[in-house]
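In listed order, ligands and their atoms are each counted from 1.
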Amino acid sequence: MDQPKLENILLETKDGVATLTFSRPKALNALNEQTLRELKAALVWVEQHAAGREGAAQGEQIDVLILTGAGEKSFIAGADILEMKDKDPEAGEIFARLGQGVSRALELLPQPVIAAVNGFALGGGCEFAIACDFILASENAVFGQPEVALGIIPGFGGSVRLGRFVGQPRARELIYTGRKIKADEALRIGLANQVVPLAQLLPRAQEVAQEIRKNSPMAVAKSKRLMNQIYTMPIDQALREESLLFGGIFGSYDQREGMNAFAEKRKAAFRGE
Ligand code: CAA
């Protein structure tokens, strides 16, 4: 299955892990419309290679996706301000919907997505990082939602998702002040799961991805789907969803294999089904 044609994003695959690297060096990897469309196409390609899909059947299974930025300074410095500045309300809304659509596609991708934040993750950059399942950051990472300083508000889901990572009061403070925070503070408030030296960031992301890959990709995908679904549900409905999905897994190849392997004291060989 051919990879999509991309100019502002590099797509690499290795050992069952795809890495998408934002690369617009002249704008610190800021997101223009072309980059958003490329990311959308790349995510469709990655999804086609999830366990059980057509691309995976061709021997190119992708179990985990890593997002990062090219260079040593920036993950994504936000939406492209120069491209955005003369928009009218209609064009502004269309642009927000495009970015939101891509961030939602990241969230709904069957495979886990790790944001490897290697520098500035501002505005739309922070919003894409928090649409990932979790964030690993380099020591030089800087996070923030500085939109109010530009006279706008977050438009790619920041107002909706930031509070889920750091709690509402902290999200409000960050959005109203536009304050940029460094990696150590991001770690302390739960925005980043781990902080490592820049040179260690991608190797560490690969290690975490390989830890995930030891497990049944079907069970990992179901865990992700459930955790997305139950966010806004009342607790009894959420527990019901969990028990339905838990029950539905019994009898699958991976459930039998995982439990038989435990009983037989051997390593499981999962098929993702
Ligand atoms: N859009 C377009 N170009 C950008 C950009 C952006 N978001 N961020 C940086 N650039 C460009 C700069 O214009 C500059 O280009 P030139 O060399 O042609 O002048 C180049 O990248 C390098 O940037 P700086 O010289 O500013 O680098 P610095 O190290 O001095 O500062 C920075 C780095 C603090 C990230 C600064 O560039 C900055 O503040 N960028 C804007 C960050 C921002 O406000 N992001 C939010 C955007 S709005 C948004 O994202 C809305 C939304 O929710 C969807």
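- When only interatomic distances are considered, the shortest N/O to N/O separation between G155 and ligand 1 falls below 3.5 Å.
- Taking 4.0 Å as the cut-off between side-chain N and carboxylate O, D80 and R24 count as a salt-bridged pair.
- Taking a distance limit of 4.0 Å, we find that atom 12 (C) of ligand 1 is approached by no protein heavy atom.
- Residue, atom and distance of the protein heavy atom nearest to atom 30 (O) of ligand 1 are K73 NZ, 4.8 Å.
- Between the side chains of N140 and S138, at least one donor N or O sits under 3.5 Å from an acceptor N or O.
- Ion pairing between E107 and R104 holds under the 4.0 Å rule for side-chain N and carboxylate O.
- Protein heavy atoms are absent from the space less than 4.0 angstrom from atom 18 (O) of ligand 1.
- By the 4.0 Å N-to-carboxylate-O rule, R204 lies close enough to E207 to be salt-bridged with it.
- Short contacts between ligand 1 and L28, defined as distances under 4.0 Å to a heavy atom of the residue, involve ligand atoms 9 (C), 21 (O), 22 (C), 23 (O), 27 (O), 33 (C), 35 (C), 37 (O).
- At a distance under 4.0 Å, a protein heavy atom can be found next to atom 7 (N) of ligand 1.
- At a distance under 4.0 Å, a protein heavy atom can be found next to atom 45 (N) of ligand 1.
- Polar contact check, Q145 against ligand 1: no nitrogen or oxygen pair lies under 3.5 Å apart.
- Note: no N/O pair closer than 3.5 Å links A30 and ligand 1 by distance alone.
- Residue A77 holds the heavy atom nearest to atom 42 (C) of ligand 1 of all those in P154, G123, G78, A77.
- Of the protein's heavy atoms, at least one falls inside 4.0 Å of atom 50 (O) of ligand 1.
- For atom 36 (C) of ligand 1, no protein non-hydrogen atom is found at a distance below 4.0 Å.
- Of the protein's heavy atoms, at least one falls inside 4.0 Å of atom 23 (O) of ligand 1.
- Counting protein heavy atoms only, atom 20 (C) of ligand 1 is closest to K26 O, 3.5 Å.
- Closer than 4.0 Å to atom 39 (O) of ligand 1 lies none of the heavy atoms of the protein.
- Taking atom 4 (C) of ligand 1 as the reference point, the nearest protein heavy-atom neighbour is A27 O, 3.9 Å.
- At a 3.5 angstrom cut-off on N or O pairs, A79 counts as close to ligand 1.
- Below 3.5 Å of separation, one finds an N or O of G124 facing an N or O of ligand 1.
- Under a cutoff of 6.0 Å and an axis angle of 45°, K73 and F120 do not form a cation-pi pair.
- Polar contact with ligand 1: absent for L122 (N/O pair, distance under 3.5 Å).
- Ion pair R266/E257 flagged as a salt bridge, since at least one NZ, NE, NH1 or NH2 atom sits closer than 4.0 Å to an Asp/Glu carboxylate oxygen.
- Of all protein heavy atoms, the one lying nearest to atom 48 (S) of ligand 1 is L150 CD1, 3.6 Å.
- Summary of contacts: the protein heavy atom closest to atom 1 (N) of ligand 1 is I81 N, 2.9 Å.
- The aromatic rings of F75 and F22 lie perpendicular to each other, with more than 60° between the two planes, well past the 30° mark.
- Side chains of Q237 and E241: a donor-acceptor N/O pair is absent below 3.5 angstrom, by distance only.
- Below 3.5 Å of separation, one finds no N or O of K180 facing any N or O of ligand 1.
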